[in-house]
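Proteins come first, then strands; the chains are lettered A, B, ... in the order of their sequence lines, and each starts at number 1. Every heavy atom of this structure was used, including side-chain atoms; hydrogens, water molecules and symmetry mates were not. The structure presented is a predicted model; accordingly, all values stated were derived computationally and were not measured.
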2 protein chains.
Amino acid sequence: MKKIKLQSFEEWEKKKLKDPEFVKACEEPDDDPFIETAWQLLKLREKMGLTQKEFAKKLHVPQEAIARLESPRYRGYSLQTLHKIASTFDKKLQIRFI
Amino acid sequence: MKKIKLQSFEEWEKKKLKDPEFVKACEEPDDDPFIETAWQLLKLREKMGLTQKEFAKKLHVPQEAIARLESPRYRGYSLQTLHKIASTFDKKLQIRFI
DNA sequence: TGACAAAATAACAAAATTGTTATATAATAG
DNA sequence: CTATTATATAACAATTTTGTTATTTTGTCA
């Protein structure tokens, strides 16, 4: 029997808010693009209704790789990786200097 | 005597359009985020009215590093690099999946 | 044309990211 | 509480990107 219940965003937010670095970044008006990216990735996955493991499978990487990308402390993003994710889920990656 | 004359966008576009890969990417409706990033970087530099060398100096890297980032064939972007550029020029890097 | 400035290309070591495995922590259902 | 699922953390080799130097091509202007 397949479980499709996921943690809600609210739960996730609550959990992440216990992380001092995450809180700090959220408080900054010009918020950090790395944390912002982690959020975007999580939101994408949630929209798809997938667990990290399922999401990871579509990208042919293990779950741990997705956990790392969604971590608020991760700063190692490459456009290659983000583009690969975007196209796997029929999205377009947009990059801007605003 | 200091020259501040730069190639215009039109000139640049004309030049790049001779590049088959560039043309191909531009023709695709869901245009490539790598080429798009190269454009964004060039536009940012143009707005600042800087040569590659001057732009590079503010980032503490040689001109060649900027030429590479502005090349339509470059696919090695990291958010670290893009963020460094954004903040050096008081911009915010925006990343989205659309 | 020649001299000079701007930009592009190439090559390589150093640094950073990715994929991977193992393991730990957290949440949920029973 | 226990079993199970979901997510997080750590460590390391393989791959990729960065910084760098050298060189080349392109454009501008006298």
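Taking every heavy atom of both residues into account, A:P72 and A:I35 meet most closely at O-CG1, 3.4 Å. In terms of heavy atoms, A:G49 sits closest to A:E54 at O-OE1, 4.1 Å. Nearest heavy-atom pair, B:F97 versus A:L82, reported as atom, atom and distance to 0.1 Å: CE2-O, 3.6 Å.
Judged by distance alone, with hydrogens and angles left aside, A:E64 brings a side-chain donor or acceptor within reach of the base of C:dA22, the pair sitting under 3.5 Å.
For the pair A:K84 NZ and C:dT17 C1', the computed distance is 13 Å after rounding to whole Å. Here the C1' atom of nucleotide C:dA6 and the CD atom of B:E46 are 12 Å apart, to the nearest Å. Between A:K57 atom NZ and C:dG19 atom C1' the separation is 18 Å, expressed in whole Å. Put simply, CZ on B:R75 is 17 Å from C1' on C:dT17, counting in whole angstrom units. A straight line from CD of A:Q63 to P of D:dT9 spans 11 Å, rounded to a whole angstrom. Rounded to a whole Å, the OH atom of A:Y77 is 18 Å from the C1' atom of D:dT16. Computed from coordinates, the A:R68 CZ to D:dC12 P distance equals 14 Å when rounded to whole Å. For the pair A:K53 NZ and D:dA8 C1', the interatomic distance rounds to 15 Å; values are reported in whole Å.
Checking side-chain atoms of B:K84 against main-chain N and O of B:L59 turns up a donor-acceptor pair under 3.5 Å. Put simply, the side chain of A:Q80 gets close to the backbone of B:R75: a donor and an acceptor are under 3.5 Å apart.
Side-chain N/O atoms of B:Q52 include one lying less than 4.0 angstrom from OP1 or OP2 on C:dA8. A:R73 has no side-chain polar atom (N or O) that falls below the 4.0 Å cut-off from OP1 or OP2 of D:dA10.
Nearest nucleotide to the side chain of A:S78, out of D:dT7, C:dT17, C:dA8: C:dT17. Here the side chain of A:V61 is nearest to one of D:dT17, C:dA7, C:dG19, namely C:dG19. In the set C:dA7, D:dT20, D:dT7, C:dA7 carries the atom at the smallest distance from any side-chain atom of B:T51. You'll find that the side chain of A:S71 is closest to D:dT9, out of C:dA7, D:dT9, C:dT21.
Comparing A:G76 and A:A65, the nucleotide of DNA chain C nearest to each residue sits closer to the 5' end for A:G76.
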